[in-house]
Structure formats: structure tokens, C-alpha cells
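Written out below as C-alpha cells is the structure these notes cover.
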Amino acid sequence: MKNRLNFLKKFEVRQSHVPRFNEECGVFGISGTKDAAALTALGLHALQHRGQEGCGIVSYDGNSYHSERKFGLVGDNFTKKHSLDKLKGKIAIGHNRYSTTGGETIRNIQPFYADLHGGAISIAHNGNLTNALLLREQMVREGAIFQTTSDTETIVQLVARSKKKDILNKIIDALMQIQGGYALSIIANGTLIGARDPLGIRPLVLGKFKNAFILASETCALDIIGAKFIREIENGEVVVIKDNKVESRRPFPKKQIKPCVFEYIYFSRPDSILKNKTAYEYRKNLGTYLAKETDIKPDVVVPVPDSGVPAALGFSQESGIPFELGLIRNHYVGRTFIEPTQQIRSLGVKLKLNPNQSSIKKKKVVLIDDSLVRGTTSTKIIKMLYDFGAKEVHMRIASPAIKYPDFYGVDTPTQEELLAANKNLEEMCKYIGAKSLKFLSLDGLYQALGYDERDNDNPQFTDHYFTGEYPVRPLDYLNDESLKKLSFLSLASNN
Ligand code: AMP
């Protein structure tokens, strides 16, 4: 590991604790329309919540590839005036980047492009590979030159080195070597290719717009352009889209799908469809179950906007306690969590929310949020509510306590920074300054998401945040000192 960390240092990757490359992102791809780049820009705009650090589009016009990659938001970068006119062709892929890791360089913004023996490839990736560093070390030892600090480049290098004959089989060959969570949108030799990891940890859907087929992280990217949602890409499925036809390959042994539970709880946009229901419906139901498990009778239910709103509505409807907007959000500030440092993150909460006195003064408030990570948001908000006259503030969280970090593409802090990993319920309650604190139970979570009870041998979600049960052994992280006490090491198997 020491060598590995030295190696990473050279590439500017964060290595103070667990090195992580490629955080939660959004991908899009379209094939079969002359407006491919413009529609990709719209799709990426709908997926903006998945990443705001940078965005990029690569198009292919039958002869040449065209690429534009920028820092910042889609709406600020991909307009006719700026970049769209240059992105010619009937096929395009796009990417929104979210990252708190080092290497804030344009080289890390996707889609990546490379000229390989047997054809060119451009790739956009959402997720995090758990063996990318091991593979990378090995390839560097053998002479490979890496240009970026992203794990996505590991995929490109594996494709480049594959001995298989055609580009599709080279890509499949590369997929067989990588582990972790991934949803990929690729252009290779004029073909749009999509791939989802063997457990379907990261989301990817298929849609249709007139004769064009679309790949997107979420269905909200289809709705924005009036495209039809066809189906989710299956776990372990590789789809090949050419000449307005979709072909499927299933190179991996069949496994039960285990989507990341955090897509349901927080990450996906509320209007996106996950397994036949909107994320909004699931989140409202999480609030319903939270109310079923509650032991208090407050005067008002107040959501932490926007992430706690659906759960607070469910809580209010189930309990009969009125829902009130006790906090008003300034919509011109991005997601607090997305700010890179703790100091800025704390400042972000103040910039973003202000109490609405008329709803909370002299009231017993139950404050609802979807999740509690470091406790930054709730600590600030609870103080604000008391400062503005609330009589009591009871915090209720519409998911279980997060005790374990993620390795598959969601930006969770290290275990040292996770409040619930280091404090018991009473200590957490004191820390955030609430009158009482309660989390939804794990059974409540499973019931709210549509399962009668959790089957312990076979959880239906990737739910390691709460259980420490990791579905894919994160090889790159196994020797990290800060992870030594985690229980997953004996539980997870390789995919
Ligand atoms: P914290 O303030 O650290 O306790 O974080 C909790 C807040 O962050 C909640 O309001 C969540 O909606 C939000 N949140 C939870 N997970 C994530 C994530 N992976 N990325 C961004 N925000 C998150």
C-alpha cells in the first residue's frame, strides 16, 4: 500500500485516507439523430444534480470525433453560441462530473477519447471501480502511460491492450477485468455502447426519441426531451446500438440485481423512475414508515429542503401532523455537500437556508431529512430553528444511520467523518443539538421500498452504508489503515 500511495501522490490523487477517483456522476448517450449533441446537452442539464464540477460532450459524424469538455454547469457551457455548433454528427455521449478528489484538471473531465488499434473510443463513466489502482499499477509497471487520475482511464487502457479482434469484444474483455460500480456510455467505431456493472449498483436506462435510442443515468434525462422510457439496462448487460437497433450481450454470470439504495434515498431526481416507481414515491413512503415508527407528537412537520421534502410529506400524511415550510431555500446555491471542504460546506448551509418564523415560532417541530452523514446540515439548521423561536426540535431521518463508507461511486466521507460511526444515538442527538433524534430502522427502509422484510442472506439493495455488508470486495482499499476495523473484509466477494 505504501508504494501504492506514493504512486498515487505522483498523480495528485487524494491519498490522505482512502483514495477515491470518480464520484457520483451522470452519463448520457444518443444515436440516430442529427441533433445528437443538442439533445445530449439537454439530457445532461436534467442530470445536473449528479455532478456540477464539469461537463463534456463527444460527438461522431461518421468520419471524425468532436469533443468539448468544460468546467462548470451544462447550461453555462453548452449553448448554440458556445460549443454546440462544433459538435457535429448523429451520435453523441455526455458526462457530468462530480468529484471532491484532487486533480481538478480539464484532463479529468469526461468523456475521454482515445485512438486505439482497431478504432477510436470515447467513454463516459458513472461510478467507482474498486480494483482500478491495482490494474493501473500493473499496467504502469509494464510501460503504460496514464494521462489522468481517473479510474475511467483504466478502462480505456484495458481496451487498448486487449488481444480480442474487434472493439466490442475488446470492451467486453476490459469489463471482465474491472470491479465495482459502473454505468458506461461509449462510442466505439460509430456505435453507441452502454454497460452496467454485474450487480447494477449504478443506474442506466434505455429510452427512445423518434428513431434515436438513448442511454441515460436517469429517466428525468429522457423526460426533458420528450423521449420514451423503454427499460432499465439490466445488471451486467452490454447494449450495442447501431442502425436504430439495440442488441444485448450478457457476458457475466447472471446475478441478482443490487442497486445502490442511496439512489432511492437521495441521489436520483425525485421524478426519475427506479424499478417502476418514481424516487419521489419511495421517499414519501420512507417518511410514512418513519411516522409509523415515531414516538412523539409535534405541532408541525418541517422538511430540510429539498432532500427531505418527500419524506416529510409522507410523515405528515401518515401522522396527521401538518406539513409546514419552516425553512426557505435560496435556489441559487448548489448542494451543500458538493462543496469540497468542511469549512465551505458549513458556510454553504447558512447561505442556502433560512427559517420561516411564521411556521416554527413557539412550536414543537419535527425536522425531517433524508439522511445524516457528518451532521453538518442538521447541526446548523437546528440551531437556526431555535434561534428563530422553535420550542422543541426533534430530528427524524428517513433512512438508517450511515456507519460505513461507500466505494462504488457515491461520495461518502471516510468512516472517521461519519457521525453515526463514531457516536451513539444519544451522543449524536447532543452533537446536533436536537431535543430527540431517531433514524428509520433497516426493516422500515426495506418495507418502504417495497419489500416485506429484509432477507438477510440476500439483501435486495447495495446497503453497506448501514450494514457494512459490501457486495464487491474493494480490492484497492483493503490495506488502508483507516479501514482495518471494517467488518466487510470477510464478507464481500469479488464480482
Ligand atoms: P451532513 O450535513 O453531512 O449530515 O449531510 C446530510 C445532508 O447531505 C442531507 O441533507 C442529505 O440530503 C445530503 N446528502 C446525503 N448524502 C449525500 C451525497 N452522497 N452527496 C451529497 N449530499 C448528500
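First listed ligand is number 1; within each ligand, the first listed atom is number 1.
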Just to be sure I'm reading this right: ignoring hydrogens, which of Arg50, His49, Lys380, Arg374 gets closest to atom 1 (P) of ligand 1? Compare them by their nearest heavy atoms. Arg374
Looking at non-hydrogen atoms alone, which of Ile432, Leu419, Thr377 comes nearest to atom 2 (O) of ligand 1? Thr377
Backbone or side-chain N or O of Tyr98 under 3.5 Å from ligand 1 N or O: no
Would you check whether Phe262 has a nitrogen or oxygen atom less than 3.5 angstrom from a nitrogen or oxygen atom of ligand 1? no
Answer with side chain, backbone, both or neither: which part of [X] has a heavy atom less than 4.0 angstrom from an atom of ligand 1?
| X | result |
| --- | --- |
| Val410 | side chain |
| Ser307 | side chain |
| Asp411 | backbone |
| Asp370 | side chain |

Could you verify whether a donor N or O on one side chain and an acceptor N or O on the other, from Ser150 and Thr148, lie under 3.5 Å apart? no
Can you tell me if Asn128 uses its side chain to pair, donor with acceptor, with the backbone of Phe407 under 3.5 Å? yes
Is there a heavy atom of Ser378 sitting under 4.0 angstrom from any atom of ligand 1? no
Just which atoms of ligand 1 are under 4.0 Å from any heavy atom in [X]?
| X | value |
| --- | --- |
| Leu372 | 4 (O) |
| Gly375 | 1 (P), 3 (O), 4 (O) |
| Thr376 | 1 (P), 2 (O), 3 (O), 4 (O) |

Is Asp306 salt-bridged to Arg269, cutoff N-O under 4.0 Å? no
Are the charged groups of Lys363 and Glu324 less than 4.0 angstrom apart, N to O? no
Parallel, tilted or perpendicular: rings of His49 and Phe267 (30°, 60°): tilted
Tell me, please, which residues at least two apart from Arg202 pass salt bridge (charged side-chain N to carboxylate O under 4.0 Å, His left out). Glu24, Glu263
Quick one: is the NZ or CZ of Lys292 closer than 6.0 Å to the six-membered ring centre of Tyr289, and within 45° of its axis? yes
Among all residues two or more places apart in sequence or in another chain, which pass the side chain to side chain donor-acceptor pair (under 3.5 Å) test with Asn276? none
